[in-house]
Amino acid sequence: TGYYQFNGNIVFTGGSGSGFAAYLYKNGSIVLQGNASIYYAGPFTGGSSVSGLLYLVAGDYIELWWYGSGMAGSTGAQNTYLMGHLVSVT
């Protein structure tokens, strides 16, 4: 039980008129939204980062997700990550 710092990043390649953002989910619900990336002329490669301090107890889980609209493409696996570390025990 304690506070954890999480940092996530998603890189995406897509077409024009595309937008997407990274999200952190805690136990299946959105808790943090990253910066939105919107591209009006494509193709493009862009990214969205999300970070924050979250309070967790035993059994909690964190997931990195992204939501996009108006796009077809793929994620850049080499630059997509989620990392976390314990900051303070409570």
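Between the side chain of Ser48 and the backbone N or O of Asn35, at least one donor-acceptor pair lies under 3.5 Å.
Listed by first and then second residue, the side-chain hydrogen bond (donor to acceptor under 3.5 Å, both in side chains) pairs involving residues 21-30 are Asn27-Asp60 (not counting sequence neighbours).
Val57 and Val89 are not part of a single hydrophobic cluster, where members link through side-chain heavy atoms under 4.5 Å apart. Transitive grouping of hydrophobic side chains (ILVMFWY, heavy atoms separated by less than 4.5 Å) keeps Leu53 and Leu86 in distinct clusters.
Other members of the cluster containing Tyr61 do not exist, because no ILVMFWY side chain is joined to it at under 4.5 Å.
Annotation: side chain of Tyr4 is not in contact with side chain of Val87 (no heavy-atom distance under 4.5 Å). Inter-residue side-chain proximity for Leu64 and Ile10 is flagged as met; some heavy-atom pair is nearer than 4.5 Å.
Every ring-ring contact (aromatic ring centres under 6.0 Å, His included) that Tyr3 has, sequence neighbours left out, goes to Tyr55. Shown here are the side chain to side chain donor-acceptor pair (under 3.5 Å) partners of Gln33, two or more places apart in sequence or in another chain: there are none. When the side chain to side chain donor-acceptor pair (under 3.5 Å) test is applied to Ser51, no partner is found at least two apart in sequence or on another chain. By the side chain to side chain contact (heavy atoms under 4.5 Å, CB included) test, Leu32 is found to be paired with Leu24, Val50, Leu54, residues two or more places apart in sequence or in another chain being considered.
Across every non-hydrogen atom of Asn9 and Ser49, the tightest pair is OD1-OG, 2.8 Å. Ala36 approaches Ala21 most closely through the heavy-atom pair CA-CB, 4.0 Å.
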